[in-house]
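Since the structure comes first, as C-alpha cells, the remarks are kept for the end.
Each ligand, and each atom within it, is numbered from 1 in the order the structure gives.
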Amino acid sequence: MAHVVIIGGGFAGVWSAAGAALARGAAELRITLISPNEHLVLRPRLYEPEPDLAKVELGRILGPIGVEHLRASVSTIDTGRRVVVADGREIGYDRLVLAAGSKLVRPEGLPGAERLFDIDTLDGARRLADHLRGREDYRAVVVGAGFVGLEAATELAARGRVLLVDRSQVVGHQLGPGPREEIEAALDRLRVERRLGTTVTEVGDGYAVLSDGTRVEADAVVWSAGMRASELARQISGELDHLGRVPVDRHLRALPEVFAAGDTAAAAFDAEHTVMQACQHATPLGKVAGYNAAADLLGVPPRDFTPGPYVTCLDLGGAGGIFTRGWDRRVMASGAAGKEIKRQINQFIHPPVDDAAKILAAADRVLLELPFFPRDEESGQPGSTAARRSWRRAS
Ligand SMILES: Cc1cc2nc3c(=O)[nH]c(=O)nc-3n(C[C@H](O)[C@H](O)[C@H](O)COP(=O)(O)OP(=O)(O)OC[C@H]3O[C@@H](n4cnc5c(N)ncnc54)[C@H](O)[C@@H]3O)c2cc1C
C-alpha cells in the first residue's frame, strides 16, 4: 500500500496528517506521523503560568482519522531511496511531508549558558514555571524583545521584576513601528525595565552580566532571541532561506516526492512576503501539504496554498493584548479587547479531538475562522475570497 510519512507532531504535522486523511477518503493509503512526543504542544501558549495545559494528546487526533503514530526521532532522510531513519529504523515512504518545526537559537559559548531558561519547548517552559513557582518579587531577565520575549516579559511581570534586554535599539524590532507605541506603553505600565542595544554575556548564580559591562541581579534569565528551522531541512534542500527553511512551490512541494509545511517551509504568502514561522501559517500549510502529498498518490488534483489575511495577536500580561492586521501590523484592538481576542485565539488553536468528522471538516478549512475576522457579505463565510479582498483594501 502506498505510504505517506509525516515528520513532526506540531501544528504542521498534525494538520498534514488530517489533510492527508481528508484526501484519502475511502481509498487505500497508509499514513504515518513520526514524532518523539505523545502530545501536540501548543507552543503559542507556553508563556502561560501553567504550560502543562498547553498540550493535546496526539492519539486523540490521529486515532479517529486512522493515522499511525510512530514515537521516534528522525535522523536521516534519504530522498534517493525514499526512506527515513527514525531511532535507527528505516521507514520507506512514497510521499514525505517535512514538518519538523523550529527551535530557539541558543547562544554559543556564553558562560553559564546551561543556566538559561526558555519557553521554546514544553520541558523548557515547565522548568521555568517550576523554578519560579510560589516565589514573589523575583528578578527575571528576558533576552530578546520580539514576539516571544515580549509575551514572556509581560507575563513574568505579574509576580516579579523584569528586565528586558535586546541587541536592537527598539522593542519589537521584527514587529515594525505599527504596534510599538502600544507595546512601550504596556511595558511602562507593568514596570518592565528595558536595556536596549545590549545583550547578556554571562549568566551566573543569581546574576547576569550585560554587554555594557553591568552586572544585574537575576533569579532567572530567559533566552528568547531567534528561531531556526529543524536541521532536517538541510537534507531536503541546499538552498535554505535565512531561517533555515526549505523553498516550496504553491502546492508546498519541495522535491518531486517531498512536501514541507510549518516552520520548515519557506512558502510564498504573497508577491512580497514569505509565511511567518507562526502557528497561524503552520496550520494551513500543514492542511495543504498533507492533502497534496496524499492527492499526488491518488491522482486527485492538488490544492494551492492560499493563506488568509495576516494578523498578529500579542499577549501583554496585565496590560492586556494587542491585535494587529496587515504586514504593517496596524493595531485594531488593544488592552482588554486585545486580550479577549488572544484568549479566543488560544482556544481556537486547540484542534478538535475524538471525532473524525470534526477533525476532517477542520482539515478542509484552510482559512482562519474567528469571530473577529471579516466575513463575506453574500455567503457569510469567514475569510472567503471577497472578504479577503475587502480586508486587503481596508488594510
Ligand atoms: C513561546 C511561543 C509563543 C508563540 N506565539 C505564537 C503566536 O502567538 N502566534 C503564532 O502564530 N505563532 C506563535 N508561535 C510560533 C508557533 O508556535 C510555531 O510557528 C508553530 O509551533 C510551528 O509549528 P510546526 O508544526 O511547524 O513546528 P513545531 O511546533 O516546532 O513542531 C515540530 C514537531 O516536530 C517534531 N520533531 C522535531 N524534530 C523531529 C525529528 N527529527 N524527528 C521527528 N519529529 C521531530 C517535534 O517534536 C514537534 O512535534 C510561538 C512560539 C513560541 C515558542
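- Between the side chains of Asp212 and Thr214, a donor-acceptor pair is found at a separation under 3.5 Å.
- Contacts of Leu40 with ligand 1, taken as heavy-atom pairs under 4.0 Å, are absent altogether.
- The residues Arg133 and Glu50 are annotated as salt-bridged, a charged nitrogen and a carboxylate oxygen being separated by less than 4.0 angstrom.
- Under the 6.0 Å distance and 45° angle rule, Arg127 counts as a cation-pi partner of Phe117.
- There is no side-chain donor-acceptor pair under 3.5 Å between Ser211 and Arg167.
- Looking only at heavy atoms of the protein, atom 10 (C) of ligand 1 is closest to Cys279 N, 3.3 Å.
- Counting atoms of ligand 1 from 1 in the listed order, those under 4.0 Å from a heavy atom of Ser102 are 30 (O).
- The presence of a protein heavy atom under 4.0 Å from atom 6 (C) of ligand 1 is confirmed.
- Polar contact with ligand 1: present for Arg43 (N/O pair, distance under 3.5 Å).
- When non-hydrogen atoms are compared, ligand 1 lies under 4.0 Å from neither the backbone nor the side chain of Ser224.
- Nearest protein heavy-atom neighbour of atom 40 (C) of ligand 1: Val74 N, 3.6 Å.
- Annotation: His273 is not in aromatic contact with Tyr310 [ring centroid separation under 6.0 Å not met].
- Contact atoms of ligand 1 toward Ile34: 43 (C), 44 (N) (distance under 4.0 Å to a heavy atom of the residue).
- Some N or O of Ala12 is nearer than 3.5 Å to an N or O of ligand 1, by distance alone.
- Remark: the His251 side chain and the Asp304 side chain contain an N/O donor-acceptor pair separated by less than 3.5 Å.
- Taking every non-hydrogen atom of Ala99 and a distance limit under 4.0 Å, the qualifying atoms of ligand 1 come out as 32 (C), 33 (C), 34 (O).
- Of the polar atoms of Gln280, at least one N or O is found under 3.5 Å from an N or O of ligand 1, judged by distance alone.
- With sequence neighbours excluded, no residue satisfies salt bridge (Lys or Arg N to Asp or Glu O under 4.0 Å) with Arg329.
- For ligand 1, one of its N or O atoms has an N or O atom of Phe11 under 3.5 Å away.
- Atoms of ligand 1 found under 4.0 Å from any heavy atom of Asn37 (numbered from 1 in listed order, with element): 47 (O).
- Remark: among candidates Pro44, Gly124, Ala72, the nearest residue to atom 4 (C) of ligand 1 is Pro44, based on non-hydrogen atoms.
- Residue contact check: Ala282 has heavy atoms under 4.0 Å from atoms 22 (C), 23 (O) of ligand 1.
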Stepwise, does the side chain to side chain donor-acceptor pair (under 3.5 Å) test hold for Ser102 with Arg43? CA-CA 11 Å; Ser102 61; Arg43 285 173 80 201; 3.1 Å; yes

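- For the pair Gly262 and ligand 1, the shortest N or O to N or O distance does not fall below 3.5 Å.
- Under the 4.0 Å criterion applied to side-chain N and carboxylate O atoms, Asp137 and Arg159 are not assigned as salt-bridge partners.
- Residue Gly101 has at least one heavy-atom neighbour below 4.0 Å for each of these atoms of ligand 1: 26 (O), 27 (O), 28 (P), 30 (O), 32 (C).
- With a 4.0 Å cut-off on non-hydrogen atoms, Lys342 touches ligand 1 through its side chain and not its backbone.
- A salt bridge does not link Asp219 to Arg139: none of the charged nitrogens lies less than 4.0 Å from a carboxylate oxygen.
- The shortest N or O to N or O distance between Gly9 and ligand 1 is under 3.5 Å.
- Of the protein's non-hydrogen atoms, Gly8 CA, 3.2 Å is the one closest to atom 34 (O) of ligand 1.
- Under the salt bridge (Lys or Arg N to Asp or Glu O under 4.0 Å) rule, Asp315 has a single partner from Lys339, Arg343, Lys342, which is Lys339.
- Residue contacts with ligand 1 for Leu232 involve side-chain atoms from C-beta outward but no N, CA, C or O (heavy atoms, distance under 4.0 Å).
- The protein heavy-atom contact nearest to atom 39 (C) of ligand 1 is Ala100 CB, 4.1 Å.
- Ion pairing of Arg191 with Asp188 is absent here, as no side-chain N (NZ or NE/NH1/NH2) approaches a carboxylate O to less than 4.0 Å.
- Listed by number with element, the atoms of ligand 1 under 4.0 Å from a non-hydrogen atom of Ile119 are 1 (C), 53 (C).
- For the salt bridge (Lys or Arg N to Asp or Glu O under 4.0 Å) condition, the pairs that include at least one residue of residues 86-95, sequence neighbours left out, are Arg81-Glu90, Arg82-Asp94, Arg95-Asp296.
- For Arg215 and Tyr207, the positive end sits near the middle of the six-membered ring, less than 6.0 Å away and at most 45° from its axis.
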Check the pair Thr306 / Arg250 against side chain to side chain donor-acceptor pair (under 3.5 Å), numbers first and verdict last. CA-CA 8 Å; Thr306 50; Arg250 69 181 206 282; over 6 Å; no

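- In this structure, Ser73 has a heavy atom closer than 4.0 Å to ligand 1.
- Atoms of ligand 1 found under 4.0 Å from any heavy atom of Gln277, numbered from 1 in the order shown, are 15 (C), 19 (O).
- On a distance-only criterion, Ile7 and ligand 1 share no N/O pair closer than 3.5 Å.
- Ion pairing of Glu217 with Arg161 is present here, as a side-chain N (NZ or NE/NH1/NH2) and a carboxylate O approach within less than 4.0 Å.
- The protein non-hydrogen atom at the shortest distance from atom 18 (C) of ligand 1 is Asp263 OD2, 3.4 Å.
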